[in-house]
Structures are given as C-alpha cells and as structure tokens.
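Below, chains carry the letters A, B, ... as their sequence lines are ordered, and counting in each starts from 1. Not measured: the values here are computed from a predicted model.
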Amino acid sequence: QKEVEQNSGPLSVPEGAIASLNCTYSDRGSQSFFWYRQYSGKSPELIMFIYSNGDKEDGRFTAQLNKASQYVSLLIRDSQPSDSATYLCAVISAGNNRKLIWGLGTSLAVNP
Amino acid sequence: EAQVTQNPRYLITVTGKKLTVTCSQNMNHEYMSWYRQDPGLGLRQIYYSMNVEVTDKGDVPEGYKVSRKEKRNFPLILESPSPNQTSLYFCASSPLDATGRYYGYTFGSGTRLTVV
C-alpha cells in the first residue's frame, strides 16, 4: 500500500516564526509532490508543487524535496494567523496510472 | 475567472432518491476528478477522467457514476444514495503536460451532501 504520512498536529507556532511541515512517502519512484492548504469547511488550494530534489521558493513558502530520504517539507516564513489551516501533502505515485496519494494533513495554528 | 464550479453547495436528500452533482471547469483542463472527504479518512478519489469519454474508477467508486461527454463537464451521479454517502464532495481539474504529468488541481467549492 503506497502511503503518504503527515503528523496530524496541531502544530502551534507564534506569529512571525517559521512553520515547518513534513511529509514522508513510501513509493520510492514518486516523481511529483504537491502542497495544498485547506481552511476549515473550504476546498483545498494548491500552494506549491515540486518535482526535483532541493528547494523551491515562492514568496513566504519554501518546498524542500529529498528523494533519497523520501520526504518533502513545507516551510512558511513569517507565519501569519491567516496561515492557520490544514496543510495537505500529495504525491503522484510511479507507474502508468499516476495515482495521486494524499496525506491526511497537518493542522497549523499561528498564534498572534 | 478560471474556476471549477460545483452545484449544489448543500444538499439534503432521502435514501434512494437519485441525484446529480454538477461540475464544470472553464480552464480547458484534460483531467477531472471527484473526491469525497470524511473526518479521519482524508480525501478519497471516487472517479477520474483523463479526457472526454475516458473515465476510470478511483478508490471508492461503489454507488457512484460519472460521465464525461464534454471536456468542461464531469457530473457525479448517485443512483440510489445511502446514508454512508453523506460526505463533503469535491470536484477538481488539472491540466496535463505532454507526458501526462499533473500541474496540480484546482478544486471546486465543494458539495456537502446529507443522506437521511
């Protein structure tokens, strides 16, 4: 069973701090990795995707991928209360069906 | 505005009464998918479609039907709803590159379905 694991949290950080969210995956052949943000009762919203090892930055968000260790992380710099949400990690498995495997999400609370 | 439009947003129905949840996207995306989201179970894929007239089962297809007659529309049909189909449903679409790689979903606003 191919899996994506996330700590459910809640992860609590003070406003202005760096929030670090982690995700591990079991399928070593996975190629594409996504981070989504979901506010309570709302639909998931794509934050970033990353395909290659290393870091990818977009504003206050940085995605980090380490395929050898099979983890992908999301860093949120200068965290704001508006960042309080559940963050979902999703991974596309290897193989022809290119199935998207979802983690259950990490709940982030940014405290003013 | 680029978007995925789902209707209705909320629906309460009775067991066995056929219903359709509509989904339409205006981004010319090839790939469309239906998910249900339940507490503790996360997002589970019901059906997906790689293009017009091409649909396939996801992880939890039992009790659902879909069709893809046009590129923009991907309705979800519950022929005989049951209480265990009470859930939050999302439609999503994504472009595909030449290799079939996703660029990430755009989700609809969701449909909260209650079957009594």
Can you list everything that forms a salt bridge (Lys or Arg N to Asp or Glu O under 4.0 Å) with B:Asp38? Sequence neighbours excluded, please. B:Arg36, B:Arg44
Given the rule in the side chain to side chain donor-acceptor pair (under 3.5 Å) test, do B:Glu70 and B:Asn73 qualify, once you have shown the distances and angles that lead to the verdict? CA-CA 6 Å; B:Glu70 305 165 283; B:Asn73 295 323; 2.7 Å; yes
If you apply the rule side chain to side chain contact (heavy atoms under 4.5 Å, CB included), what do you find for B:Val66 with B:Trp34, and how did you get there? CA-CA 9 Å; B:Val66 294; B:Trp34 276 102; 4.0 Å; yes
What is the distance from atom NZ of B:Lys18 to atom OG1 of B:Thr13, rounded to the nearest 0.5 Å? 12.5 Å
Which bit of B:Tyr105 is near chain A, if near means a heavy-atom gap under 4.5 Å: side chain, backbone, both or neither? both
Side-chain donor/acceptor of B:Glu30 to backbone N/O of B:Leu96, under 3.5 Å: yes
State whether B:Arg68 and B:Glu53 are salt-bridged, where the test is any N-O pair (Lys NZ or Arg NE/NH1/NH2 against Asp/Glu carboxylate O) under 4.0 Å. no
Of all of B:Leu41, B:Leu43, B:Leu88, B:Thr106, which one pairs up most often with chain A through heavy atoms under 4.5 Å apart? B:Leu43
Under 3.5 Å donor-acceptor, B:Gln45 side chain and B:Tyr48 backbone: no
I need the residue from B:Ser33, B:Gly104, B:Gly40 with the largest number of non-hydrogen atom pairs under 4.5 Å to chain A. B:Gly104
Part of A:Gln38 lying under 4.5 Å from any heavy atom of chain B: side chain
Between A:Pro44, A:Ser32, A:Gly105, A:Ala90, who has the most heavy-atom pairs with chain B when the cutoff is under 4.5 Å? A:Pro44
Please output the residues of residues 47-76 of chain A in contact with chain B, using a heavy-atom cutoff of under 4.5 Å, in numerical order. A:Phe49, A:Tyr51
Test your reading of the model: is there a side-chain donor-acceptor pair from B:Arg9 to the backbone of B:Gly110, 3.5 Å cut-off? yes
